[in-house]
Colleague: 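So that we are looking at the same thing, I have put the structure below in structure tokens.
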Amino acid sequence: MTILQPFKTEIDLKTGVFTPETGIIKRYLSQMRSMFADTDAVERILADEGDRLLYEVYVTKLPEEAGQILHCTTIIHPGKIGSEFHMTKGHYHARREEGEVYLGLSGDGCLVMQTQEGATDVQFMKPGTAAYVPPYWAHRTVNIGEAPFVFFAAWAGDAGHDYGTIERDGFRKLIVDAGGRVEVTDNPKYR
Ligand code: PAN
Ligand code: ZN
């Protein structure tokens with residue numbers, strides 16, 4: 001495995017910005033067209049206001065190999081698509097036996113999880129919440145507030161990401177705004 005020099009990163013706890021910046025991933029609505037339940041709302045937004053930046057990920061550049069601990073911050077911007085709050089794509093780890101730890105830094109969010117055996121779980125997160133994603137659980141985060149939801153994550157270098165299963169099946173649970181109340185509902189399109 002790669003032998004590295006120790007290093008550190010300064011993280012702005014409010015914005016999630018990494019210094020030095022070693023990489024940033026930006027996810028737009030157009031890249032998640034079919035992931036929101038209200039696909040009419042998706043197409044309306046794209047036509048009326050153009051593309052929308054949903055979330056950003058500041059990443060450390062590390063080799064994706066066993067023994068390394070990858071880490072990043074995710075910033076989910078506030079907003080909704082129809083009644084569904086802005087969220088990440090979500091994924092299983094390619095190596096299902098790898099878990100992950102999240103730490104809430106700013107804003108309000110929730111962590112939606114499920115297993116391929118049909119179990120579901122939702123953990124609400126605020127600054128200071130350490131949430132654990134055990135092995136075998138797919139995970140997606142959602143911004144349920146009016147400010148950016150920012151959290152830190154750390155996971156095994158060889159975990160890998162399986163986005164395809166979620167792209168195909170979706171999550172069983174949706175997080176929606178029900179007239180000012182955050183509600184967990186069943187996804188009518190779950191396959
Ligand atoms: C996180 C996620 C990050 C973005 O670091 O990768 O929050 O979400 P998506 O990867 O689903 O777009 C993580 O779970 N890493 O394993
Ligand atoms: Zn993960």
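Just so you know, ligand 1 is whichever comes first in the structure, and atom 1 is the first atom listed for that ligand. Note that the coordinates shown come from a computational prediction; the quantities given were computed from them, not determined experimentally.
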Colleague: Under a 4.5 Å side-chain heavy-atom rule over Ile, Leu, Val, Met, Phe, Trp and Tyr, are Trp137 and Val122 clustered together?
Modeller: yes
Colleague: In terms of residue, atom name and distance, what is the protein heavy atom nearest to atom 12 (O) of ligand 1?
Modeller: Tyr55 OH, 2.5 Å
Colleague: Ligand 1 versus Tyr102, non-hydrogen atoms closer than 4.0 Å: side chain, backbone, both, neither?
Modeller: side chain
Colleague: What does the angle at the Zn ion (ligand 2) come to, between atom NE2 of His93 and atom NE2 of His91, rounded to 10°?
Modeller: 110°
Colleague: Tell me which protein heavy atom sits closest to atom 2 (C) of ligand 1, plus the residue, atom name and distance to 0.1 Å.
Modeller: His91 CE1, 3.8 Å
Colleague: By number and element, which atoms of ligand 1 are closer than 4.0 Å to a non-hydrogen atom of His93?
Modeller: 16 (O)
Colleague: Do Arg191 side-chain atoms and Arg168 backbone N/O form a donor-acceptor pair below 3.5 Å?
Modeller: yes
Colleague: Among protein heavy atoms, which lies nearest atom 8 (O) of ligand 1, and at what distance?
Modeller: Thr88 CB, 3.6 Å
Colleague: I'd like to know if Ile175 and Met113 are part of one continuous hydrophobic network [Ile/Leu/Val/Met/Phe/Trp/Tyr, side-chain heavy atoms within less than 4.5 Å].
Modeller: yes
Colleague: Under a single-linkage definition using a 4.5 Å side-chain heavy-atom cutoff for Ile, Leu, Val, Met, Phe, Trp and Tyr, are Val184 and Met125 assigned to the same hydrophobic cluster?
Modeller: yes
Colleague: Give me the residue, atom name and distance of the protein heavy atom closest to atom 5 (O) of ligand 1.
Modeller: Cys72 SG, 3.1 Å
Colleague: What protein heavy atom is closest to atom 3 (C) of ligand 1, reported as residue, atom name and distance in Å?
Modeller: Thr74 OG1, 3.4 Å
Colleague: Atom 10 (O) of ligand 1: which protein heavy atom is closest, and how many Å away?
Modeller: Tyr163 OH, 2.5 Å
Colleague: For the pair Asp162 and Arg96, find out whether any cationic side-chain nitrogen is under 4.0 Å from an anionic carboxylate oxygen.
Modeller: yes
Colleague: For ligand 1, which atoms sit closer than 4.0 Å to a heavy atom of Phe151?
Modeller: 7 (O)
Colleague: Taking the six-membered ring of Phe36 as reference, does the cationic atom of Arg33 (NZ for Lys, CZ for Arg) lie under 6.0 Å from its centre and within 45° of its axis?
Modeller: no
Colleague: Can you list the atoms of ligand 1 that are under 4.0 Å from a heavy atom of His161?
Modeller: 15 (N), 16 (O)
Colleague: Please confirm whether the backbone N or O of Phe171 pairs with a side-chain atom of Asn187, one donor and one acceptor, at under 3.5 Å?
Modeller: yes
Colleague: With heavy atoms under 4.0 Å as the rule, classify the contact between Arg140 and ligand 1 as side chain, backbone, both or neither.
Modeller: neither
Colleague: With the Zn ion (ligand 2) at the centre, find the angle made by NE2 from His139 and OE1 from Glu100, to 10°.
Modeller: 90°
Colleague: Anything under 30° is parallel, anything over 60° is perpendicular, the rest tilted; go ahead and classify Tyr102 against Phe151.
Modeller: tilted
Colleague: Please state which protein non-hydrogen atom is closest to atom 15 (N) of ligand 1 and give its distance, to 0.1 Å?
Modeller: Glu100 OE2, 3.0 Å
Colleague: Would you indicate whether the side-chain heavy atoms of His77 and Glu56 approach each other to under 4.5 Å?
Modeller: yes
Colleague: Any nitrogen or oxygen of Ala153, side chain or backbone, less than 3.5 Å from one on ligand 1?
Modeller: no
Colleague: Take atom CD1 in Ile69; do more than 12 heavy atoms of anything else shown fall under 6.0 Å from it?
Modeller: no
Colleague: Specify whether His161 and Trp155 have parallel, tilted or perpendicular ring planes, treating 30° as the upper limit for parallel and 60° as the lower limit for perpendicular.
Modeller: perpendicular
Colleague: Distance under 4.0 Å to a non-hydrogen atom of His139: what atoms of ligand 1 satisfy this?
Modeller: 14 (O)
Colleague: Checking a contact table here: which protein heavy atom is nearest atom 11 (O) of ligand 1, and how many Å away?
Modeller: Gly90 N, 2.8 Å
